[in-house]
Amino acid sequence: MAEQDMGAQRPIGIKRLLRGVALVGAVLLAGCQTVVPGPGPSRRPPTQRPSQGQQPAVEQGIPTDTQRHRVALLVPLSGANAGVGQSLANATQMALLDSKNERVRITSYDTAAGAALAAQRALDDGNQLILGPLLADDVRAVTPIARRAGVPVVSFSNDATAAGNGAYLMGYVPAQSIIRVVNYAHDQGVASFGGLVPNGTYGERASTAFLRAVESAGGRVGALQTYDRAPGSMTAAITRMAKSAPYQAILIADGGAAAAAGVPVLRRNGMGGAHILGTELWNSEASIASKPALEGAWFASVSDGLYRQYAAKYRARFGAAPFRLSSLGYDSVLLTIRIMRDWPMNTPFPEDRLKDRGGFSGIDGAFRFGRDNVAERALEVQEIRHGTTVTVSPAPGGF
């Protein structure tokens, strides 16, 4: 997976980002008396009665709209991932309502029956920007189709290998979270690390990021053990890891439930004093702070400050809690609205603006697209403490 070249990039202007964050807060606190802009009347002359033998014209696709920019949202609205897809769709609706913007028209397309088919429909309807899809395989299917049409794709995937060729990724990339928490741990005096990672693509990428992060910080990895998600496999990995103990910190690159199950085994094998480190996966689990085994653990993620306001408004509007990553849908609309200032009507989307080195801001804080088209994010470090999460290292004001 391509890594970010953090040292070669200029810092984001802090004042500029603070203005952006203030704007996001104002949007969230704004009243919601507006409604989602409807299709509106077509800009066509009055219908003439056809002469004898003349057939009336039939317009295909969505109605013509020359007053708003057309943006497609590609998400699963049916099938196994319909819940998260609908949450993303709801979030984009909220962003339009909260911003009271009437110059952007977002049309949703269901990717469950095929992302390529959904993308082609979106392009046939005249959309100039694609938000989504959610899954990396769908991004790979959509990108060449959109590229031929000159339409950029701003995806919600976190698989950095799907970026490029006109596709940009807003998802929370595990490498950035691991780098951030390792650097924080090193700043707290941690020099010796151990790692537990699951077999599979996620584990491979987490392993690479972990080894590079520790080396860059000047620490040492005593052992890095892999395991299958099967009974007894993590226990066996921990037993192997114990041979190289002690460690000051141990990364468990898995979800909160798996990490909580592994901590008692670490204690029984003489590693109970090590700080437990987690990944960005933990921030998507509402019950992470209620796991006693993870008391004192550290993990890096996007900030939850504005997200809590967003989640409260989402519940009030839709009667259910949002999926954590639905904030990506909200922020993608804010991104579109900001770029729209320099986007003349009825012209292609100005893709070069996505590369703005000044960055953008939203519910999840500051971010900008790097040279690999992956969103670089300003992350904070949280500690699980007494049934809640506490920010122990705030997100930086720049990169």
Side-chain angles (χ1 to χ4, degrees), residues 1-14 16-17 20 128-183 201-202 204-213 215-217 279-280 300-302 325 328 331-332 334-336 338-339 342-343 348-362 364-379 395-399:
M1 179 169 73
E3 296 294 320
Q4 309 295 334
D5 182 1
M6 305 299 284
Q9 295 161 349
R10 300 197 304 271
I12 288 180
I14 295 179
R16 185 176 182 182
L17 278 176
Q128 295 294 324
L129 173 66
I130 291 176
L131 304 179
L134 173 64
L135 305 178
D137 285 345
D138 287 347
V139 177
R140 296 186 184 97
V142 165
T143 299
I145 299 171
R147 191 62 173 175
R148 286 194 295 270
V151 173
V153 175
V154 178
S155 167
F156 307 129
S157 170
N158 69 345
D159 185 343
T161 64
N165 197 31
Y168 299 78
L169 268 60
M170 288 190 68
Y172 317 126
V173 179
Q176 295 180 29
S177 172
I178 291 171
I179 291 169
R180 178 76 166 95
V181 76
V182 164
N183 286 338
T201 301
Y202 183 90
E204 291 172 1
R205 292 171 183 162
S207 297
T208 300
F210 179 57
L211 292 171
R212 291 180 179 175
E215 179 183 9
S216 178
T279 73
E280 87 296 341
S301 73
V302 294
L325 60 74
L328 297 176
D331 285 355
S332 70
L334 296 187
L335 169 72
T336 303
R338 173 172 167 181
I339 292 178
D342 301 318
W343 182 10
F349 181 84
E351 183 178 346
D352 60 307
R353 287 298 314 279
L354 290 171
K355 295 286 192 175
D356 189 337
R357 303 313 296 157
F360 307 94
S361 60
D364 289 331
F367 69 97
R368 65 181 178 181
F369 292 107
R371 288 175 295 181
D372 57 0
N373 289 10
V374 176
E376 305 169 21
R377 294 188 173 276
L379 303 178
F399 293 94

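Residue numbers start at 1 and run along the sequence shown.
- From D159, atom CG reaches atom OG1 of T201 across 7.5 Å, with rounding to the nearest 0.5 Å.
- When all heavy atoms of L129 and P152 are compared, the pair lying nearest together is CD1-O, 3.7 Å.
- Counting heavy atoms from C-beta outward, Q176 and V374 have side chains that approach closer than 4.5 Å.
- Across every non-hydrogen atom of A162 and A167, the tightest pair is O-CB, 3.8 Å.
- I130 and A146 get closest at one heavy-atom pair: CD1-CB, 4.1 Å.
- Counting heavy atoms from C-beta on, the side chains of R353 and W343 never come closer than 4.5 Å.
- A distance-only check finds no donor-acceptor pair linking the side chain of R180 to the backbone of A300 [under 3.5 Å].
- Taking N183 as the reference, nothing meets the side-chain hydrogen bond (donor to acceptor under 3.5 Å, both in side chains) condition, with sequence neighbours excluded.
- Remark: the R140 side chain and the T161 side chain contain an N/O donor-acceptor pair separated by less than 3.5 Å.
- Under the rule for a salt bridge (charged side-chain N to carboxylate O under 4.0 Å, His left out), D352 has no partner lying at least two apart in sequence or in another chain.
- Listed by chain and number, the residues in a ring pair (Phe, Tyr, Trp, His ring centres under 6.0 Å) with Y202 amount to none (sequence neighbours excluded).
- Not a single ring pair (Phe, Tyr, Trp, His ring centres under 6.0 Å) links F210 to another residue, sequence neighbours left out.
- Summarising the geometry of A395 relative to A378, their closest heavy-atom pair is CB-O, 3.6 Å, with the distance given to 0.1 Å.
- Residues P350 and D342 approach most closely at CG-O, 4.0 Å, considering heavy atoms.
- Interatomic distance, L379 CG to I178 CD1, rounded to the nearest 0.5 Å: 11.5 Å.
- When atom types are taken as modelled, the side chain of K355 and the backbone of R368 share no donor-acceptor pair closer than 3.5 angstrom.
- With D331 contributing its side chain and D364 its backbone, the two residues share a donor-acceptor pair below 3.5 Å.
- Shortest non-hydrogen contact noted between G171 and L328 is CA-CD1, 4.0 Å.
- Interatomic distance, CG of N373 versus CG of L169, reported as 8.5 Å (0.5 Å rounding).
- The side chain to side chain contact (heavy atoms under 4.5 Å, CB included) check on L335 picks up V154, I339, L354, F360, F369, with sequence neighbours excluded.
- Listed by chain and residue number, R147 satisfy the salt bridge (charged side-chain N to carboxylate O under 4.0 Å, His left out) test with E351 (two or more places apart in sequence, or in another chain).
- At a threshold of 4.5 Å between non-hydrogen side-chain atoms, the residues F156 and L131 count as touching.
- The closest donor-acceptor contact from the side chain of S177 to the backbone of S301 lies at 3.5 Å or more, if one exists at all.
- Distance CD1/I179 to OG/S216: 8.0 Å, rounded to 0.5 Å.
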